[in-house]
There are 2 protein chains.
Amino acid sequence: MKDFTICPKFESAFELLGKRWTGLIIRVLLNGPTRFKEVSNLIPNLSDRVLSERFKQLEEAGIIKRNVYPETPIRIEYELTEKGKSLKPMMDECEKWADIWVE
Amino acid sequence: MKDFTICPKFESAFELLGKRWTGLIIRVLLNGPTRFKEVSNLIPNLSDRVLSERFKQLEEAGIIKRNVYPETPIRIEYELTEKGKSLKPMMDECEKWADIWVE
């Protein structure tokens with residue numbers, strides 16, 4: 001069964017996306033590069049501490065990148081990589097499923 | 001943003017599917033109702049203890065059901081519910097993604 005080799009990858013993907021707020025952060029970034037404060041304002045219940053932590057984890061996983069623009073004041077934006085952008089079909093399917101089946 | 005209300009559902013789905021072996025067990029059951037020992041034989045590294053635990057969690061989540069046939073010897077089969085079967089499109093997308101992007 002070919003799925004046997006895919007499984008660990010599959011699990012690591014779900015494990016990352018199962019962390020609180022991660023899905024929503026990716027959703028926000030699917031609209032384009034965004035600053036820390038913009039994400040933070042769009043998700044009122046998400047603390048800055050947890051947002052920093054999630055950004056770091058997503059950057060380590062190669063799902064987002066951090067762009068620093070040396071302006072005054074300095075501008076920092078977070079953007080999905082190709083790996084991150086290609087999560088969209090899965091997230092769409094997951095949302096469809098959860099919308100019907102999760103209470 | 002409509003996604004704000006969907007997010008907790010989305011996370012709970014990913015949290016469940018991120019548990020070790022869960023994706024693979026669902027994959028096996030997508031082929032039809034299966035006995036404990038058959039699943040256990042198909043996934044050699046999965047211990048019976050962990051398989052029992054996953055079956056229980058998946059049953060509690062309404063993703064599988066346990067059918068008991070009062071034959072001699074008694075026959076017990078595990079089967080995906082409609083909720084469980086409808087995970088297929090998401091799992092397919094996740095596998096496609098993981099196959100390309102996860103090392």
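Worth saying up front: this structure is predicted, and the values here are computed from it rather than measured. No hydrogens, no waters, no symmetry mates; every other heavy atom, side chains included, goes into these values.
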Can you check whether anything in residues 80-88 of chain A gets within less than 4.5 Å of chain B, heavy-atom wise, and list it by number?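 If one takes a 4.5 Å heavy-atom cut-off, the residues of residues 80-88 of chain A near chain B are Glu82(A), Lys83(A), Ser86(A), Leu87(A).
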If the contact rule is any heavy atom under 4.5 Å from chain B, which residues of residues 46-76 of chain A qualify, in numerical order? Ile63(A)
Under 4.5 Å from any heavy atom of chain A - which part of Lys96(B): neither
Who are the side-chain contact (heavy atoms from CB on, under 4.5 Å) partners of Pro89(B), not counting sequence neighbours? Glu93(A)
